[in-house]
Amino acid sequence: MTSNEIFSELISRYPDLKVCENEIYSSYKIIKECYTSGGKVLACGNGGSAADADHIVGELMKGFLLSRKIKEKALNGDDEILSHLQGALPAVSLDAHSALITAFANDLEFDYAYAQQVYGLGNKGDVLIALSTSGNSASVVNAVRAAGAKGVKSIGITGSKDSLMSEKCDVCIKLPETETFKIQELTLPVYHCLCAMLEADFFVC
């Protein structure tokens, strides 16, 4: 399937998402431009949203719907290793660094732990995917603020209510629900769609 076919299928399967289809497609274009330019994706969230951040990175860094066989030759001549690997879209889950996060939270404030990582890892042209069902989680909002300071574009995934993230993100996908678990139920098909669209653009079977 092409990226546009994958996107159309998402809206067909989840018609409630039509209210934010422009933001979803804009997010796809921002991430595609990032990868085309050699950038990377950072992702963060708390609780269930942290699990979603990890999940996004898992789908980007290895084969999702496609096998992503590596066709180029290894620079150091070790072609055998490449036969056991898959093509990757560079991505980092900021909530996965437990030693760094706990050290920062202990010495300073947890509310800035993700912002510290965006500052240290983010470069102009990269993209931050920030997940918060309320759109007001301090640690995630501060990561978005740090992204803006570093020239990193930010994509927010929140519920339908206006929030700090809907104000501060370059694009905010405001999912049409207000209850946490219902927002989370719509979050997964959205980022699965984004990952599948990007994979279709950058890899072939």
Side-chain angles (χ1 to χ4, degrees), residues 10 14 16-31 34 40-57 59-60 91-98 100-122 126-195:
L10 172 72
Y14 300 91
D16 288 350
L17 292 175
K18 191 164 183 63
V19 297
C20 53
E21 66 177 333
N22 290 339
E23 289 76 15
I24 297 171
Y25 199 80
S26 293
S27 298
Y28 151 71
K29 290 194 293 185
I30 288 172
I31 302 172
C34 161
K40 63 183 174 295
V41 164
L42 308 175
C44 69
N46 298 313
S49 295
D52 285 323
D54 288 350
H55 193 160
I56 290 168
V57 169
E59 309 298 23
L60 293 173
V92 180
S93 178
L94 303 183
D95 56 78
H97 305 140
S98 58
L100 171 58
I101 291 171
T102 53
F104 194 90
N106 184 64
D107 297 343
L108 297 156
E109 295 180 62
F110 173 75
D111 284 353
Y112 294 89
Y114 295 147
Q116 175 67 26
Q117 293 186 67
V118 173
Y119 174 77
L121 294 171
D126 290 344
V127 172
L128 171 70
I129 300 177
L131 301 110
S132 168
T133 56
S134 70
N136 293 312
S137 299
S139 59
V140 182
V141 172
N142 287 331
V144 172
R145 293 171 60 201
K150 288 282 289 189
V152 173
K153 291 194 174 178
S154 56
I155 295 167
I157 303 179
T158 72
S160 63
K161 295 180 180 179
D162 289 337
S163 63
L164 290 172
M165 282 174 56
S166 64
E167 294 175 7
K168 296 180 181 300
C169 289
D170 291 290
V171 175
C172 189
I173 302 171
K174 295 166 62 177
L175 300 170
E177 291 290 353
T178 57
E179 292 185 82
T180 296
F181 80 95
K182 292 180 181 179
I183 298 167
Q184 291 171 331
E185 287 174 351
L186 287 179
T187 297
L188 187 145
V190 167
Y191 66 70
H192 266 174
C193 176
L194 291 172
C195 292

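For this chain, numbers begin at 1 and follow the sequence in order.
The distance from the OG atom of Ser154 to the CG atom of Asp126 is 12.5 Å, given to the nearest 0.5 Å. In this structure, CZ on Phe110 lies 10.5 Å from CG on Asn142, to the nearest 0.5 angstrom. The distance from atom CG of Leu17 to atom CG of Leu10, rounded to the nearest 0.5 Å, is 5.5 Å. Between the OG atom of Ser137 and the CE atom of Met165 there is a distance of 7.5 Å, given to the nearest 0.5 Å. To the nearest 0.5 Å, the span separating NZ on Lys161 from OG on Ser166 amounts to 12.5 Å. Taken from OG in Ser160 to CD1 in Ile183, the straight-line distance is 6.5 Å, to the nearest 0.5 Å.
Under a cut-off of 6.0 angstrom, the local environment of CZ in Phe104 is crowded, with over 12 non-hydrogen atoms contributed by other residues, nucleotides or ligands. Summarising the local packing, NZ of Lys150 is surrounded by more than 12 heavy atoms from other residues, nucleotides or ligands at distances under 6.0 Å.
Under the rule for a ring-ring contact (aromatic ring centres under 6.0 Å, His included), the partners of Tyr25 that lie at least two apart in sequence or sit in another chain are Phe7, Tyr28. Scanning for side-chain contact (heavy atoms from CB on, under 4.5 Å) contacts around Glu23 gives Cys20, Val171, Ile173, with sequence neighbours left out. Partners of Lys29 by side-chain hydrogen bond (donor to acceptor under 3.5 Å, both in side chains), not counting sequence neighbours: none found. Residues that satisfy the side-chain contact (heavy atoms from CB on, under 4.5 Å) test with Asn22, not counting sequence neighbours, are absent from this structure.
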Candidate pair Ile157 and Ile129, rule side chain to side chain contact (heavy atoms under 4.5 Å, CB included), full reasoning: CA-CA 8 Å; Ile157 303 179; Ile129 300 177; 4.2 Å; yes
Please lay out, stage by stage, how Val92 and His97 fare under the test side chain to side chain contact (heavy atoms under 4.5 Å, CB included). CA-CA 10 Å; Val92 180; His97 305 140; 3.6 Å; yes
When you look at Glu59 and Leu194, which way does the side chain to side chain contact (heavy atoms under 4.5 Å, CB included) test go after all the steps? CA-CA 10 Å; Glu59 309 298 23; Leu194 291 172; over 6 Å; no
Verify side chain to side chain contact (heavy atoms under 4.5 Å, CB included) between Leu128 and Leu94, making sure each step is shown before the conclusion. CA-CA 10 Å; Leu128 171 70; Leu94 303 183; 4.3 Å; yes
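The nearest pair of heavy atoms linking Ile56 to Cys195 is O-SG, 4.0 Å. Between Gly135 and Val141, the shortest heavy-atom contact is O-CG2, 3.8 Å. The shortest non-hydrogen separation linking Leu60 to Ala91 is CD1-CB, 3.8 Å.
Under the 3.5 Å distance criterion, the side-chain polar atoms of Lys153 are left unmatched by any main-chain donor or acceptor of Cys34. Distance alone, capped at 3.5 Å, places no donor-acceptor pair between the Asn106 side chain and the Thr102 backbone.
Annotation: side-chain hydrogen bond (donor to acceptor under 3.5 Å, both in side chains) contacts involving residues 171-180, sequence neighbours excluded, comprise Asp162-Lys174, Glu179-Lys182.
Under the side-chain contact (heavy atoms from CB on, under 4.5 Å) test applied with Leu175, the options Asp16, Thr158, Thr187 reduce to a single match, Thr187.
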Quiz: residues 42-52 side-chain donor-acceptor pairs under 3.5 angstrom, not counting sequence neighbours:
from  : atom 1 : to     : atom 2 : distance (Å)
Asn46 : OD1    : Tyr114 : OH     : 3.4
Asn46 : OD1    : Ser139 : OG     : 3.4
Asn46 : ND2    : Ser139 : OG     : 2.8
Asp52 : OD1    : Tyr191 : OH     : 2.7

